[in-house]
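First the proteins, then the strands, lettered A, B, ... as listed; each starts at 1. Atoms considered below: every heavy atom in the structure, side chains included; atoms not considered: hydrogens, waters and symmetry mates.
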Protein chains: 2
Amino acid sequence: MPRTPGQRAGLTYDAVLAAARDVFAERGRAGLSMRSVAAQLGVAPNALYSHVADKTALVDALLDDVLGTLAPPSADADPTTGLRDVMLATFDLLVARPGLVPAYLERQGARGPRARALGEAMTVLLARLGVGEDAAGRVVRALIVHTLGYAALATADDATLSPAQLRADLEVTLDWLLVGASGS
Amino acid sequence: MPRTPGQRAGLTYDAVLAAARDVFAERGRAGLSMRSVAAQLGVAPNALYSHVADKTALVDALLDDVLGTLAPPSADADPTTGLRDVMLATFDLLVARPGLVPAYLERQGARGPRARALGEAMTVLLARLGVGEDAAGRVVRALIVHTLGYAALATADDATLSPAQLRADLEVTLDWLLVGASGS
DNA sequence: GGACGAACTGTACACCGTCCAGTACGCTGG
DNA sequence: CCAGCGTACTGGACGGTGTACAGTTCGTCC
């Protein structure tokens with residue numbers, strides 16, 4: 001429904017974010033453009049810039065949003081399995097929504113509030129493994145890098161290995177990292 | 001120097017690749033476009049398509065080319081340090097040329113002949129560590145994913161950690177992986 | 001009620017990858 | 001030696017991108 005200039009469409013930041021999520025879900029990462037999001041809202045492309053600084057800011061918000069659907073590890077579970085399970089859940093999440101991984105890679109990881117919250121939950125578990133606060137950062141980084149990398153392999157266009165195989169591999173190599181972390 | 005249509009500029013595949021390398025070195029990944037490469041050669045943009053299928057094919061070739069500057073691990077070195085050194089050299093290579101990492105991430109890793117050669121050299125070393133041929137693939141993958149990920153962190157725009165710190169972290173976590181690999 | 005700031009519009013700029021049709025060259029067969 | 005052909009190149013264009021600029025109109029506050 002076209003509007004005469006100046007009229008308010010009632011956009012909000014959240015509405016823009018929701019529209020971006022819809023477009024991403026329907027048309028994938030390649031189909032996510034300022035114009036497509038604006039079209040989804042029935043609005044001129046540049047209208048989005050009243051609510052969002054950049055395209056990159058928009059996808060950053062979108063990516064962090066996705067992380068919110070991840071159940072944080074319960075603090076009283078066995079630390080090792082708890083950590084492994086979060087990372088495997090992350091892997092599953094990324095693999096289930098193709099196109100998500102390239103977006104994360106392009107932004108070289110998410111730094112939003114949800115990402116930070118997850119990191120802190122992991123740090124708590126690591127503390128119970130005997131890993132100090134300073135070393136915890138290193139371990140969290142290692143686990144995340146590893147998991148994201150395997151998700152990237154699993155969703156690559158010319159993937160020679162099945163996601164299931166890679167998931168099994170990830171499980172093994174995560175354990176290597178966790179063993180190394182707790183033994184140092 | 002403009003040419004009348006039909007005249008030959010004497011382009012070759014290698015010349016295009018070299019021009020791409022130059023443009024990349026000078027203007028980085030964002031500045032690498034078909035048009036900029038063509039301009040570097042004094043040629044119309046679409047002239048490149050006589051020698052290169054795609055832009056993606058061009059950057060794939062470019063990325064694999066870069067890997068050629070990496071010294072393969074000597075087969076008679078200590079396997080563990082040999083493997084660690086290749087990965088650290090890879091890290092250094094990626095960090096030294098900013099913009100390289102995003103390109104690799106975008107293509108989700110290199111699959112060219114040089115990449116394969118490196119992988120095979122690593123497999124040889126792993127065999128001397130007692131890692132069978134089938135498991136070697138898994139370990140090589142883990143090491144590469146890990147290294148590339150750390151290089152990504154080191155070259156991220158908002159990098160909070162210095163490359164040197166990350167390199168040290170990488171050294172530690174690579175050892176965790178190698179210990180896990182040889183102990184299984 | 002008049003001013004103001006913000007939300008929106010149309011338009012436009014500077015790019016991008018790539019396709020299409022044409023042209024002129026180099027090579028090869030006769 | 002010359003005709004013909006394949007191909008390396010050209011100009012031009014298409015459809016797309018992110019985003020800046022200026023204008024219009026609305027809701028709100030003094």
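- Rounding to whole angstrom units, CZ of residue B:Arg29 and P of C:dG17 are separated by 11 Å.
- B:Val52 approaches B:Asp54 most closely through the heavy-atom pair CG1-O, 2.8 Å.
- Between the CE atom of B:Met34 and the P atom of D:dG11 there is a distance of 19 Å, rounded to whole Å.
- Taking 4.0 Å as the cut-off between side-chain N and carboxylate O, A:Arg111 and A:Asp60 do not count as a salt-bridged pair.
- Side-chain contact check for A:Thr69 versus A:Leu93: some heavy-atom pair is nearer than 4.5 Å.
- With rounding to whole Å, B:Leu41 atom CG is found 10 Å from D:dT10 atom P.
- Between B:Arg27 atom CZ and C:dC15 atom C1' the separation is 12 Å, expressed in whole Å.
- A:Arg107 places a side-chain heavy atom less than 4.5 Å from the side chain of A:Leu63.
- For B:Thr173 and B:His146, the side-chain atoms include at least one donor-acceptor pair closer than 3.5 Å.
- Positionally, the nearest nucleotide of DNA chain D for B:Arg35 lies more toward the 5' end than for the other of A:Ser36 and B:Arg35.
- Heavy-atom distances under 4.0 Å link DNA chain D to A:Asn46, A:Tyr49, A:Asp54, A:Lys55 of residues 46-55 of chain A, given in residue order.
- Each of B:Leu174, B:Leu129, B:Asp175 was scored for a side-chain contact (heavy atoms from CB on, under 4.5 Å) with B:Leu83, with one residue passing: B:Leu129.
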